[in-house]
Amino acid sequence: MLSVLIWLPIFAALFIAILPISIPKYRIRLIALIFSGIVLFWNLFILLKFDISNPGMQFKEYLPWNETLGLSYQIGVDGLSILMLVLNSLLTWIAIYSSSKETERPRLFYSMILLVSGGVAGAFLAENLLLFFLFYELELIPFYLLISIWGGTKRGYAGMKFLIYTAVSGALILATFLGMVWLSGSTNFAFDAVSIENLSTAKQILLLAGIVLGFGIKIPLIPFHTWLPDAYVEASAPIAILLGGVLAKLGTYGLLRFGLGMFPHAWSIIAPTLAIWGAISAIYGAVVAIAQKDIKRMVAYSSVGHMGYILLAGAASTPLALVGAVAQMFSHGIILAILFHLVGVVEAKVGTRELDKLNGLMSPIRGLPLISALLVLSGMASAGIPGLTGFIAEFIVFQGSFSAFPIPTILCIVASGLTAVYFLILLNRTCFGRLDNIAYYPKVLWSEKIPALILAAFIIFLGVQPTWLVRWSESTTTTMVAAIPPLEKTVISEVALK
């Protein structure tokens, strides 16, 4: 059942890659849409079959692969990964749908997107360390090509920077995985076969440092974030959606799955540092976003800030905070996706992303009133306005983290307030203001509005019905918290209060 989510996109990528050159571009796009749509509906079917009361892995599949290496095809899904799978398949369909019908080299373009989708799904489903690493690295070259070929004027630089940073991330994670198996004396890389409980605290912290640094680059957290603005800005809008909405979630997922999940004792010890790190990232991302003149770069830096909330929640390690972390991962994915899509539409119609050159897009004279209204909604969601999914995710994170780390939580709340500042700047200068000319920009087609309308529906529905956002992860996250030694939880609280 779960294998469909991995191998159907990969098969579709290979199928599209070998299609005859004579096939029109729009038909290649249609084929990619059909395959990604099937994966999305299958994912929703699995979601409906998912047992929310079961904290363990479900729909498990196992196939021996290479027993000498301890590598097996072992996959499953639990409350930590089920929403990430839905997010991956949804944003893959959105990215393909929002791409231009006249995209150059469409066979390669859509093949790379589908290959990324299959690889990301495999990473979220893997129950074997080496299998996770293989899928984790599968998206490296496709994303490099998607940025370097279809990106902006500095696409070569941005693509190479992304490649180098991501390669370092993978090397750190592989080294840590190998160290976990060798030091524990295990001969198998399966999650349940690797036990680090008998390792000294120093060794556990050393291994955990590799996990935090490796996935911290992927998220990214400061000071490892410098690849993000270049990659997000130079990538086309559909690829930016996947970079921010899906790829970054691999980092936060890995941090929770392997950091908190496999090193509960060591995680408790370094949790105060992680909480401070998360708060600094949140403040930094918000402050730098305020200074931006390019709206796409502003949205990119906002992502750095919002990732800090997830690190804070993971550090707090309370049941409520971890539920909030998963909710924030999903909410941030769909909010960032709609923002990048709308920015792409504005750039395509107006010809610029510069705040100093944009004004009055809300006016019917400009021809972008609906796009502007959706941009206002998206900015409100990102700023955490009540009634939208961004608010409920952030509220749960802050509510669950305050008891463990009050000061870092307050700093993150301040960062959330700063989010409202830079989005007010963005909206005031783009959607409102006095018209400096009577230019009527090209009409926005309904096909260009549909992705934003779908994502806006999710933002509103999950804001009004937050149970549909948090119910999937409660059992799993509660079990993860229970694995943390009670003594260490007490130590965390005492250190935080001091």
Side-chain angles (χ1 to χ4, degrees), residues 55-57 60 62 64-78 80-81 84 119-120 122-138 140 166-219 221 224 249-271 273-274 277 311 314-315 317 322 476-477 479-485 488:
M57 289 289 181
K60 299 173 68 171
Y62 176 81
W65 192 351
N66 190 320
E67 296 182 0
T68 303
L69 293 178
L71 175 60
S72 60
Y73 180 76
Q74 190 172 355
I75 61 175
V77 62
D78 64 0
L80 194 60
S81 55
M84 297 304 99
V120 170
F124 285 137
L125 291 170
E127 289 190 73
N128 182 285
L129 296 177
L130 280 184
L131 186 65
F132 172 88
F133 175 76
L134 292 176
F135 284 123
Y136 183 81
E137 290 293 283
L138 183 60
L140 178 59
T166 308
V168 172
S169 169
L172 285 170
I173 291 168
L174 178 61
T176 304
F177 285 172
L178 293 175
M180 290 167 60
V181 173
W182 291 339
L183 292 176
S184 67
S186 176
T187 58
N188 196 321
F189 283 86
F191 291 179
D192 53 7
V194 179
S195 176
I196 50 83
E197 294 179 359
N198 296 327
L199 298 182
S200 66
T201 300
K203 290 180 179 178
Q204 289 190 37
I205 292 178
L206 180 62
L207 292 172
L208 179 57
I211 292 290
V212 172
L213 292 176
F215 288 113
I217 293 172
K218 181 76 79 173
I219 292 174
L221 301 169
F224 310 117
K249 305 309 174 290
L250 267 182
T252 51
Y253 169 82
L255 207 58
L256 297 178
R257 174 71 73 193
F258 302 107
L260 172 60
M262 302 190 78
F263 294 89
H265 176 74
W267 182 271
S268 298
I269 295 174
I270 71 168
T273 302
L274 296 178
W277 194 358
L311 183 60
S317 301
L322 286 189
T476 299
T477 52
T479 302
M480 292 175 66
V481 171
I484 300 177
E488 297 298 336

A side-chain contact here means heavy atoms from C-beta on lying under 4.5 Å apart; do L311 and I219 qualify?
no
For S317 against L322, the heavy-atom pair lying closest together
CA-CG, 4.4 Å
Show me the donor-acceptor pairs within less than 3.5 Å that the side chains of residues 176-186 make with the rest of the protein, sequence neighbours left out.
| from | atom 1 | to | atom 2 | distance (Å) |
| --- | --- | --- | --- | --- |
| T176 | OG1 | L172 | O | 2.8 |
| S184 | OG | M180 | O | 2.7 |
| S184 | OG | V181 | O | 3.1 |
| S186 | OG | N188 | N | 3.1 |
| S186 | OG | N188 | O | 2.9 |
| S186 | OG | A193 | O | 3.3 |

All heavy atoms of S72 vs all of P64, minimum pair found to be CB-CA, 4.5 Å
For N66 and L130, run side chain to side chain contact (heavy atoms under 4.5 Å, CB included): C-alpha distance rounded to whole Å, both residues' side-chain angles, the deciding distance at 0.1 Å, then the answer.
CA-CA 11 Å; N66 190 320; L130 280 184; over 6 Å; no
Close side-chain approach of L274 to W277, heavy-atom, < 4.5 Å
yes
Starting at OG1 of T166, measure out to CD1 of I217 and round the result to the nearest 0.5 Å.
8.5 Å
List the steps, then state whether ring-ring contact (aromatic ring centres under 6.0 Å, His included) holds for F132 with F191.
CA-CA 10 Å; F132 172 88; F191 291 179; 7.5 Å; no
Is it true that a side-chain atom of Q74 and a backbone atom of A126 form a donor plus acceptor pair closer than 3.5 Å?
no
Test side chain to side chain contact (heavy atoms under 4.5 Å, CB included) on I270 and V212; report intermediate values, then the result.
CA-CA 10 Å; I270 71 168; V212 172; 4.2 Å; yes
In the structure I gave you, are the side-chain heavy atoms of L221 and F215 within less than 4.5 Å of one another anywhere?
no
If you round to the nearest 0.5 Å, how far is CZ of R257 from CD1 of I211?
12.5 Å
Rounded to the nearest 0.5 Å, the CG atom of N128 sits from the CZ atom of F189 at a distance of 8.0 Å
Check Y136 against A123 and note the closest heavy-atom contact, atom names and distance.
N-CB, 4.3 Å
Closest non-hydrogen contact found for Q204 with E197 is NE2-O, 3.9 Å
Would you call K60 and D78 a salt bridge, taking side-chain N to carboxylate O under 4.0 Å as the test?
no
Roughly how far, to the nearest 0.5 Å, is the CD1 atom of I196 from the NZ atom of K203?
12.0 Å
Over all heavy atoms of both residues, which pair between W267 and L255 is shortest? Give the atoms and the distance, please.
CZ3-O, 3.8 Å
Do M262 and L208 have side chains that get closer than 4.5 Å, going by heavy atoms?
no
Just how far is it from atom CZ of F263 to atom CG of L206, taken to the nearest 0.5 Å?
9.5 Å
Apply ring pair (Phe, Tyr, Trp, His ring centres under 6.0 Å) to F124 and list each qualifying residue two or more places apart in sequence or on a separate chain.
Y253
Sequence neighbours excluded, which residues qualify as salt bridge (Lys or Arg N to Asp or Glu O under 4.0 Å) partners of K218?
E139
Given 3.5 Å as the limit, does a donor-acceptor pair link the side chain of T476 with the main chain of P55, or not?
yes
Nearest 0.5 angstrom please: L125 CG to Y73 OH, how far?
7.5 Å
Heavy-atom closest pair, residues W65 and L131:
CZ3-CD1, 3.7 Å
